[in-house]
Amino acid sequence: KNQVEQSPQSLIILEGKNCTLQCNYTVSPFSNLRWYKQDTGRGPVSLTIMTFSENTKSNGRYTATLDADTKQSSLHITASQLSDSASYICVVSGGGSYIPTFGRGTSLIVHP
Amino acid sequence: GAGVSQSPSNKVTEKGKDVELRCDPISGHTALYWYRQSLGQGLEFLIYFQGNSAPDKSGLPSDRFSAERTGGSVSTLTIQRTQQEDSAVYLCASSLNSGREETQYFGPGTRLLVL
């Protein structure tokens with residue numbers, strides 16, 4: 001069964017600090033992995049997309065890593081800002097379906 | 001605007017009533033997806049359109065749920081005889097095509113509350 005597990009479920013950090021969110025998946029065969037950011041009351045917005053051959057991809061202060069062998073990904077946020085407060089969702093495509101598999105997300109709160 | 005739009009943004013209805021949710025995808029996007037997001041849960045796939053056809057309806061939770069898409073553009077999701085467990089945020093997304101490499105662009109969602 002295609003599954004995406006994210007940890008931690010929630011995280012509270014102080015403004016300016018770094019943090020790392022984790023994603024483990026069982027989707028096979030693997031096509032790509034995306035990280036989405038979902039602000040409260042909004043739809044998810046894509047941050048990064050990674051394919052099998054990519055290990056690291058950055059988008060500003062966001063850096064995603066992928067280990068396709070261990071089926072793990074992480075999203076590292078550097079020098080957090082209050083606007084980073086959101087839910088971060090890991091989404092994996094593949095598994096013989098056009099429909100991607102969504103994780104439940106990590107809720108991040110950045111305090112001043 | 002150029003993004004995916006959904007209406008209404010909020011809907012409160014009584015148990016047993018029918019509701020219609022609307023999605024306007026990004027112009028030119030051939031693929032359209034409906035998802036449901038309950039509090040604290042991940043996105044639950046409902047149905048997917050390629051053009052006006054729905055190759056995958058596997059996520060519709062019951063026969064009270066139906067969806068259509070006309071002119072390869074606007075889509076409506078209809079829930080008949082609503083139940084309290086239907087309360088959730090209904091998200092629509094569109095993508096240029098239906099390939100796995102395509103990024104889905106999401107609308108802001110419709111928040112449905114069934115009393």
Side-chain angles (χ1 to χ4, degrees), chain A residues 1-10 21 23-54 57 59 64 86-109, chain B residues 1-10 21 23-26 30-51 53-60 88-112:
Chain A
K1 182 180 178 182
N2 295 323
Q3 289 186 314
V4 175
E5 300 289 338
Q6 292 188 242
S7 62
Q9 185 175 355
S10 61
L21 314 180
C23 172
N24 296 338
Y25 62 91
T26 61
V27 178
S28 181
F30 174 84
S31 178
N32 58 66
L33 184 148
R34 287 182 171 86
W35 283 93
Y36 278 86
K37 179 187 180 189
Q38 185 175 21
D39 292 314
T40 301
R42 301 288 186 97
V45 175
S46 180
L47 293 174
T48 64
I49 175 173
M50 301 182 72
T51 57
F52 186 88
S53 59
E54 296 176 297
K57 183 166 282 188
N59 177 1
S87 179
Y88 292 84
I89 304 171
C90 178
V91 184
V92 182
S93 293
S97 172
Y98 283 118
I99 308 304
T101 303
F102 290 78
R104 292 190 174 188
T106 291
S107 176
L108 174 66
I109 297 175
Chain B
V4 177
S5 60
Q6 293 185 245
S7 62
S9 54
N10 294 281
L21 312 180
C23 172
D24 277 277
I26 294 173
T30 64
L32 185 147
Y33 307 79
W34 282 100
Y35 296 93
R36 181 167 69 177
Q37 187 175 36
S38 302
L39 191 63
Q41 301 296 314
L43 271 71
E44 174 189 4
F45 166 75
L46 297 178
I47 188 170
Y48 140 68
F49 288 92
Q50 177 59 47
S53 302
D56 193 339
K57 304 179 183 179
S58 62
L60 294 177
V89 176
Y90 289 82
L91 289 164
C92 172
S94 71
S95 60
L96 191 60
N97 294 301
S98 58
R100 296 185 186 90
E101 70 284 0
E102 296 290 338
T103 296
Q104 294 185 22
Y105 297 86
F106 285 83
T110 292
R111 282 146 196 80
L112 174 66

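What you see below is based on every heavy atom in this structure, not just the backbone, and it leaves out hydrogens, waters and symmetry mates. Owing to the predicted nature of the structure, the values given are computational and were not obtained by experimental measurement.
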For atom OH of B:Y105, is the number of surrounding heavy atoms from other residues, nucleotides or ligands below 6.0 Å larger than 12? no
Heavy atoms of other groups near A:R42 CZ, more than 12 under 6.0 Å: no
If the condition is salt bridge (charged side-chain N to carboxylate O under 4.0 Å, His left out), which residues does B:R36 pass it with, not counting sequence neighbours? B:E44
Against chain B, work out which of A:S46, A:P44, A:G43 has the most heavy-atom pairs shorter than 4.5 Å and name it. A:P44
With a 4.5 Å cut-off on heavy-atom pairs, point out which of A:S107, A:S87, A:S97 contacts chain B the most. A:S97
Side chain from CB out, backbone as N, CA, C, O: work out which of these in A:R34 comes under 4.5 Å of a heavy atom of chain B, or both, or neither. side chain
For A:F102, which residues count as a ring-ring contact (aromatic ring centres under 6.0 Å, His included) partner, sequence neighbours excluded? B:Y35
Is it the case that the side chain of A:S28 and the backbone of A:F30 share a donor-acceptor pair, with hydrogens and angles ignored and the cut-off at 3.5 Å? no
Could you tell me which of B:T103, B:L91, B:V4, B:D56 has the largest number of non-hydrogen atom pairs under 4.5 Å with chain A? B:T103
Can you say whether A:Q38 sits under 4.5 Å from chain B via the side chain, the backbone, both, or neither, judging by heavy atoms? side chain
